[in-house]
There are 2 protein chains.
Amino acid sequence: MKTPIAGGGEQSITDRLRSLIKIPTGSPLILGIGDDCAIYRPRGSADDLLFTTDLFIEGVHFLRDTHKAGDVARKALARSLSDIAAMGGAPRFCLVSLCVPRWANRRWVDTFFDTLIARAAETGAVLAGGDLSQGETLACDVTICGAVPRATALRRDGARAGHEIYVSGMLGGSALGLEVRKGKAWRRHLNPEPRLDLGVCLREKLRATAAIDLSDGLSLDLRRVCLASGVAAHISPPPRFPGATLEHALHGGEEYELLFTVRPHTRVPAMFQGLPLTRIGSIVEGPAGEILFDGQPLEPLGFDHFKTSK
Amino acid sequence: MKTPIAGGGEQSITDRLRSLIKIPTGSPLILGIGDDCAIYRPRGSADDLLFTTDLFIEGVHFLRDTHKAGDVARKALARSLSDIAAMGGAPRFCLVSLCVPRWANRRWVDTFFDTLIARAAETGAVLAGGDLSQGETLACDVTICGAVPRATALRRDGARAGHEIYVSGMLGGSALGLEVRKGKAWRRHLNPEPRLDLGVCLREKLRATAAIDLSDGLSLDLRRVCLASGVAAHISPPPRFPGATLEHALHGGEEYELLFTVRPHTRVPAMFQGLPLTRIGSIVEGPAGEILFDGQPLEPLGFDHFKTSK
């Protein structure tokens, strides 16, 4: 289903946008394009607000045959919630735009919203608005606002040489699920769990120096942290979901686990709410973005929507 | 291009959502679904933040043949900016999600973003993030955050019997443009001007009691104000764009002019920055949402995406 855009990948488009956009001095916008969320500091507020938005489109991100209305709602929401988790935020509200094709009847729409509203409410997010349209293809865009105490958001750019790299959970399950389409791996692909409580713990307790959610694959997402921080990394094999290959675990997307870095000698518990936290390597000095896996360069093979070749 | 959804219109879906969603007591979300924007009050902040999001989809809201990349960017942005204007806000930042089909090459994408970034910056909004995806149909979703001093946002629900009803500009030009596809009317359809300065003036100077932007037609949008405020209205013919029929002016959508109400005897200038402000009627006691036009009931014939019959 991939139709590459001539002339450059998603990364190249966002890199160009970052170079074009100048945030004016004194702007309440603290951080723009280039992290999991934008950060906005309201005048006089004790909180910084985090904003993220994610598309979820039939034929690109999911198939009508395999994803029921509730599945679409849960996963569309999970994608954005996971970005809030990666920055240590608490969800506050969401906006949902939905484009509805002919095949989705009123019952589909009602189930979609019932599931979304219920799931969002569990995380503290209220559905505050959105837009509805008819259209050819089912598409939804979920924007979430989260909050953190002022100047405490976890970012991608704080990793320094000597910091230790961890991941939550067992990787590769979502990619495996997409192949086998059954069992625990498929359920994991269908219904990922955004790590909101862990994100808050990383921010408040472990004082993580950088974090990102694994949406496009470990190899690509760790590279993003290293590029933003101007550092390199050495890693060893990450913990694998039962049945997943090393390839699944290194490059498979849609994990929605958190990758984070902490200062040396930080006491990271082996488990958090039943979820393993595993050290997989260290941040080192070196060419920004370079990752060595068991001593060999690791290519970023994760998912880029507009890449011309993979 | 209209493909109705079985079982109810857009209004019926949003009415259902409003009845389902309970904003918890003490929530920083002051206003949810049902106005031009949601209102969020950050902890300790001097400002309230306004949020709105609007879809703009090929084949539904525009045609590829008639809208170039820059036109799509300008109009997609104008739709959301107009919601911020209607509540008296100053734009702060935007998030843009873009689904790119095969026919739109990299140059298209670059022109789209160049236009959007430049136009947004003129209004004070910085492009702070978004999402990119490939897909079958070009679709974009623009979320805008605006700010107003705490508790001063213009809303739909403040109109009371005796208040006077005004509109900005000359109505019907966008609907006429869609028919004739040439001249000033077509340019008006293609490139509407969100009334941001007027919105601020309504809030600060004229202390408008209610406001809405005319996106779906005067008859439908005035009815929304009346329903939200629990009142009725009497109106006379509104000022017409040259060449537009009364039908265009009463029911034509995509005007992006502002309709507002003020207390009796408010001194409303005849012009604001070259834009006429015209009194078209009065708010009266009566069945909520009822509108009499020259003494006869006016049906709300404006645009509803999911209406089963028109």
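Reminder, nothing fancy here: chain letters follow the sequence lines and each chain counts from 1.
- Contact annotation for B:I57: only side-chain heavy atoms (C-beta onward) come within less than 4.5 Å of a heavy atom of chain A.
- Below 4.5 Å, heavy atoms of chain A meet heavy atoms from B:R92, all part of residues 82-92 of chain B.
- Interface summary for chain A: among B:I21, B:L55, B:I33, B:L31, the most heavy-atom pairs under 4.5 angstrom belong to B:L55.
- Heavy-atom proximity under 4.5 angstrom to chain A picks out B:D141, B:T143 from residues 140-154 of chain B.
- You'll find the side chain of B:V109 stays beyond 4.5 Å of the side chain of A:R16, heavy atoms only.
- The distance from the CG atom of A:L17 to the CG atom of B:L116 is 9.5 Å, given to the nearest 0.5 Å.
- No other option in A:P24, A:C37, A:S97 has as many heavy-atom pairs under 4.5 Å with chain B as A:S97.
- Taking 4.5 Å as the heavy-atom cut-off, the residues of residues 43-53 of chain A that approach chain B are A:R43, A:G44, A:S45, A:A46, A:D47, A:L49, A:F51, A:T53, ordered by number.
- Taking all atoms of both residues into account, the shortest heavy-atom contact from B:G135 to A:V60 is CA-CG2, 4.0 Å.
- With rounding to the nearest 0.5 Å, the separation of OG in B:S12 from CG in A:D110 is 7.5 Å.
- Counting heavy-atom neighbours within 6.0 Å of B:E136 CD, excluding the residue itself, gives a total of 12 or less.
- If you measure heavy-atom distances from A:D35 to chain B, you find no contacts under 4.5 Å at all.
- Taking the side chain to side chain contact (heavy atoms under 4.5 Å, CB included) definition, one finds that B:A128 meets it with A:L29, A:A38, B:F93, B:L95, sequence neighbours left out.
- Among the candidates A:I39, A:L127, A:V126, the residue making the largest number of heavy-atom pairs closer than 4.5 Å to chain B is A:L127.
- Taking OG1 of B:T14 as the reference point, atom CZ of A:F113 lies at 9.5 Å (rounded to 0.5 Å).
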